[in-house]
Each structure stands twice: as C-alpha cells, then as structure tokens.
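Right, one structure below, let's go through it.
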Amino acid sequence: MPDANIAKILCPFCSAPWSEENVKVWDVDSADQCDSGRFEPPTYSISIKCHSCGREMYRKEGAHASN
C-alpha cells in the first residue's frame, strides 16, 4: 500500500487544503455523578473541522477501555 500524502486531503465542502488546525482531540473526565457510587469510564472525542469554512468533516466519540 503506498504511503498516504496528507497534503492531498481537501475539505469536501470548500476544497481548502489540509491544516493541522483541523484536528481536535480531547478527553472528558469520568462521569462520577451516579448516585450508586459507580464511575463511568473516561470518554474521548476526536473532531476534524475545516480551518477555513468551519464545517465538521469527521467526529469520533467513545469510552476508554478498562484494564
């Protein structure tokens, strides 16, 4: 499989070239508001928004696996 060239990625909405500003990754602390005392696993979110037009191209959310 040939190496992907990230510079060739364009926004599907406005055709702006790729920028490192597009990717946002963050963790959300565990949900500890439960009355039973149980804690939810920490969650994460990855969002790719165009730095030029601001439209979201991709979003992934989920929970970290417990060890």
Which pair of non-hydrogen atoms, one from [X] and one from [Y], has the smallest distance, and what is that distance?
X	Y	value
Cys11	Met57	CA-SD, 3.8 Å
Ser47	Arg59	OG-NH2, 4.0 Å
Ala16	His51	CB-CE1, 4.3 Å
Glu56	Phe13	O-CE1, 3.7 Å

Rounded to the nearest 0.5 Å, how far apart are CG of Leu10 and SG of Cys50?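 Result: 9.5 Å between the selected atoms.
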
With side-chain contact (heavy atoms from CB on, under 4.5 Å) as the criterion, how do Val23 and Tyr58 come out once you've worked through the C-alpha distance, each side chain's angles and the decisive distance to 0.1 Å? CA-CA 9 Å; Val23 179; Tyr58 177 82; over 6 Å; no

